Amino acid sequence: MKAVDLELARRCQDGDAAAFEEVYRAHAGRLYSLLVRMAGSTSDAEDLLQDVFLHAHRKLGSFRGESSLGTWLYRLAVNHCLDVLRGRHAKMTRVTDSLDAEGAAEPATVVPAVPTAISRLDLERAIARLPPGRRVAFVLHDVEGFEHQEVAKLLGVSEGTSKSQVHKARLTLRAILNGTGP
Amino acid sequence: MNCGDCENALDDYVDGTLDERARSACDTHLTTCDRCRTLVADLGALRQAASSLEPLAPPADVWRKLSALVKAERDLRPFAWGFTWQTLAASVVTLVLVASLSWVGARLATVNEPRVQALSFGAELDQLDEHFSTTIAGLESIRQTEGVSLDTETAEVLQANITVIDGAITESRAALATEPDNQVAQESLFEALRSKVELLQDVIALINEMRKGNPEGAARIVSGSNQ
């Protein structure tokens, strides 16, 4: 797998347009899904996806095959998205710091239950409505399947902060989905 | 275990990371507490739905734009990035000098054109803006000095086009003054600057052809400018 990735990266570096398109077709869907959910907007995600692949094209020479090309691109996408989100919240040093300013998690009071079958569209919309810090932590943990330790490392926060963010995100999503949310 | 204890253990319970003893205590509490049971069921359903979200497909337009940008960058190689833009900008400035001094040779438009679409990093933009502005000032000077060679109608059309482009430049700069990282404004600014350089290059070439008494050459330039 890595040898194939290295060969693909080398062809891209040599200016092989077909090779670059192959890389894009193989990974754009996963990265776009990640970026839409992290950024909370399809138009932002389109710009981010373009930036990520443009940046990747410039940096493919530094790809050493220590991880798969997909993992390498994934990290590039996560980091770029976080950079952009941090830029938007320039007054805060970390995306997740913004959570503290957003207030505490909604208490788990008695509320109507969420629908038994949560529609994909409703959930996507609800995720987009989350504050950025909660959204990023939730997407990385609950959607993308990272452990809290990994989320914490990616975000540059403590594991406890990651858990707190995901907890707040879940309660906020629950409130949005049962119609009592912000 | 009471509701508070259960709530504290809620996320680990839903994630399946709670140890056996605590999980058993939670289960016992859930058999007697409707509120906590509902909460656990909701978050469990949410967790399940989130992990089952399907991939989304990016619009085809993203690839079209991306491939055009990559092609533009590839065409600029083998130069390194920072050097490339300085070189291109310097090339345009040099052309102004050549045009000013000789009035001979091929059209200025045949030189390398700056690939403005590929710009995305702010540090180089100010420098390139400055180079473009210097180039435009040089070309404007030549146009105003030699523009008498143009007939009135052509001169009016030219001025109208320049006014439109100048408006775009002014708007883009105003947008960048408040949002320096706005990529759309960056691209708009350099697209407008590039358009103006191209237009002025064509005008100078047109004046040159007319001075040489070559109406066919002038017509070709006008035709190319209108495309």
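Lettering of chains follows the sequences in order, A, B, ..., and the numbering in each one begins at 1. None of these values were measured; they are calculated from a predicted model.
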Which bit of [X] comes within less than 4.5 Å of chain B, counting heavy atoms only: side chain, backbone, both or neither?
X	value
H141(A)	both
L35(A)	neither
F53(A)	both
E21(A)	both
V36(A)	side chain
R30(A)	neither

* Residues E20(B), R23(B); criterion salt bridge (charged side-chain N to carboxylate O under 4.0 Å, His left out); working and verdict -> CA-CA 5 Å; E20(B) 193 57 41; R23(B) 186 171 190 87; over 6 Å; no

* Let me know if A57(B) has heavy atoms under 4.5 Å from chain A in its side chain, its backbone, both or neither. =>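 Just the backbone, heavy atoms under 4.5 Å.
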
* **Residue, of C3(B), S52(B), P59(B), S67(B), that accumulates the most heavy atom pairs under 4.5 Å with chain A** =>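 Heavy-atom pair counts peak at P59(B).
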
* With a 4.5 Å cut-off on heavy-atom pairs, point out which of K163(A), R37(A), E124(A) contacts chain B the most. =>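 Maximum pair count with chain B is reached by R37(A).
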
* Check against salt bridge (charged side-chain N to carboxylate O under 4.0 Å, His left out), D42(B) and R170(A) -> CA-CA 9 Å; D42(B) 282 357; R170(A) 286 172 175 173; over 6 Å; no

* **L60(A) vs L69(A) side-chain heavy atoms within contact, under 4.5 Å** =>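 Of all side-chain heavy-atom pairs linking L69(A) with L60(A), at least one is under 4.5 Å.
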
Under 4.0 Å between a side-chain nitrogen and a carboxylate oxygen: does that hold for [X] and [Y]?
X	Y	result
E147(A)	K153(A)	no
E22(A)	R25(A)	no
R11(A)	D14(A)	no

* Take K59(A) and L76(A) through the test side-chain contact (heavy atoms from CB on, under 4.5 Å) and record every step on the way to the result. => CA-CA 10 Å; K59(A) 286 185 66 179; L76(A) 210 60; 4.1 Å; yes

